[in-house]
Amino acid sequence: MSVLTRGAPGRIRLLPVAYLALLALAVAAPWLLTGTDPLAADPLAALTPPGADHWLGSDHLGRDVLARVLYGARHSVSIGVAATALAVTAGVLLGLAAGLAPKWLDEALARSFDVLSTLPELLLALLVVAITGPGTGNVILAIAIAQIPNYARVIRAQTFVVRRSGYVEHAATFGHSRLAITAGHVLPNVLGPIPVLATIGLGQAVIAGSGLSFLGMGPQPPAAEWGAMLSEARNYLRVAWWEALFPGLAITLTVVSLTMVGRRLQARFEGRTP
């Protein structure tokens, strides 16, 4: 019994990794997981409950919910990945610039980060989309802008620590240029927390992307996207609960799995786990 008890936490920690591996397969090659066309409508099979013909049921147009959830992963996760990558890139550059800039410029950038951080990410992203207009590209841009302060503030703080370290001072003493010191010594040593922040931030980006799609700002019907699927399903909750349950469950499992993996990475980064 004790052996089983000791092994249980390890197996539980593998569950989010296994789910994310399955999710990655759904993003890269959803046709390997289902042979059904997610856009194929069958009015005669509309609102069919989960069963042998449709494992997760069908929606109000007779489209297979399982196929739409699997293919919808490509839209939802891709939006999150693209927004996170853009936010990380811009956040690292701005944070590095603030940490190395003269005091007046650093203060201006730091106050900008603080102001943007006070706004909820989804609200800030919604404001950006309201200005730029709907569309997948604008949603990615909006989410990225909302997340930039999270990365910039961390990189700025790390830059202050690294720029005062002995190896940076030695490099300056040996006559290395400012650009060479920044690229060779400062930048590589301020990126340590980024994988942890990006993993957790990806989950937040998926939520934000699905939320904006739910409001009609993201990929437009008939595209299969989790937030858009929830939006279409809200009018059928009383008669077809499965139409909303499974895309909502996909969003929840994705965010929870990314958060768990991110927290595990954080614990390793801080030396709190073997």
Side-chain angles (χ1 to χ4, degrees), residues 16 20 23 76-101 105-132 136-163 182 186-215 217-218 227 251-252 254-272:
L20 293 178
L23 181 65
S76 298
V77 176
S78 295
I79 288 173
V81 169
T84 301
L86 184 58
V88 167
T89 302
V92 168
L93 293 177
L94 288 172
L96 195 63
L100 298 174
L105 181 55
D106 172 50
E107 286 292 330
L109 290 172
R111 297 293 78 78
S112 300
F113 301 154
D114 291 340
V115 170
L116 292 175
S117 296
T118 60
L119 299 174
E121 287 186 11
L122 184 57
L123 180 61
L124 181 57
L126 185 59
L127 177 61
V128 174
V129 172
I131 296 173
T132 60
T136 302
N138 290 338
V139 165
I140 292 172
L141 177 63
I143 297 171
I145 291 175
Q147 290 197 337
I148 285 173
N150 298 336
Y151 303 103
R153 294 174 72 184
V154 172
I155 293 299
R156 174 178 175 267
Q158 289 288 106
T159 301
F160 281 139
V161 175
V162 172
R163 67 183 290 188
T182 300
V186 178
L187 181 59
N189 289 286
V190 300
L191 296 179
I194 290 300
V196 176
L197 295 175
T199 302
I200 298 174
L202 176 56
Q204 297 171 342
V206 169
I207 289 182
S210 297
L212 292 174
S213 295
F214 180 86
L215 297 175
M217 303 291 186
I251 296 172
T252 302
T254 299
V255 175
V256 170
S257 297
L258 287 169
T259 301
M260 291 179 67
V261 171
R263 296 301 183 192
R264 183 68 177 174
L265 291 175
Q266 183 178 24
R268 286 185 176 275
F269 178 75
E270 295 174 352
R272 292 186 282 112

Close side-chain approach of [X] to [Y], heavy-atom, < 4.5 Å:
X	Y	value
Leu23	Val77	yes
Leu122	Leu212	yes
Arg263	Val196	no
Thr136	Ile79	yes
Arg264	Arg268	yes
Leu86	Leu141	yes
Asp114	Arg153	yes
Tyr151	Val92	no

Separation between [atom1] of [X] and [atom2] of [Y], rounded to the nearest 0.5 Å:
X	Y	atom1	atom2	result
Leu126	Leu119	CG	CG	12.0 Å
Ile155	Leu96	CD1	CG	7.5 Å
Ile251	Ile207	CD1	CD1	8.0 Å
Gln147	Leu197	CD	CG	10.0 Å
Met260	Leu265	CE	CG	12.0 Å

For the student: nearest non-hydrogen atoms of [X] and [Y], plus distance:
X	Y	value
Ser117	Pro149	OG-CB, 3.3 Å
Ala101	Asp106	CB-N, 4.2 Å
Pro16	Val261	CB-CG2, 4.2 Å
Thr84	Gly80	OG1-O, 2.7 Å
Ala198	Val88	CB-CG2, 4.1 Å
Ala152	Phe113	CB-CZ, 3.6 Å

Could you go step by step and tell me if Leu94 and Arg156 meet the side-chain contact (heavy atoms from CB on, under 4.5 Å) rule?
-> CA-CA 8 Å; Leu94 288 172; Arg156 174 178 175 267; over 6 Å; no

Worked check of side-chain contact (heavy atoms from CB on, under 4.5 Å) between Leu202 and Val81 | CA-CA 6 Å; Leu202 176 56; Val81 169; 3.9 Å; yes

Is there a donor-acceptor pair under 3.5 Å between the side chain of Asn138 and the backbone N or O of Thr132?
-> yes

What pairs with Ala146 under side chain to side chain contact (heavy atoms under 4.5 Å, CB included), at least two apart in sequence or on another chain?
->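 Glu121, Leu124, Ala125.
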
Name the one of Thr252, Thr259, Thr254 that satisfies side chain to side chain contact (heavy atoms under 4.5 Å, CB included) with Val256?
->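 When side chain to side chain contact (heavy atoms under 4.5 Å, CB included) is applied between Val256 and each of Thr252, Thr259, Thr254, only Thr252 qualifies.
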
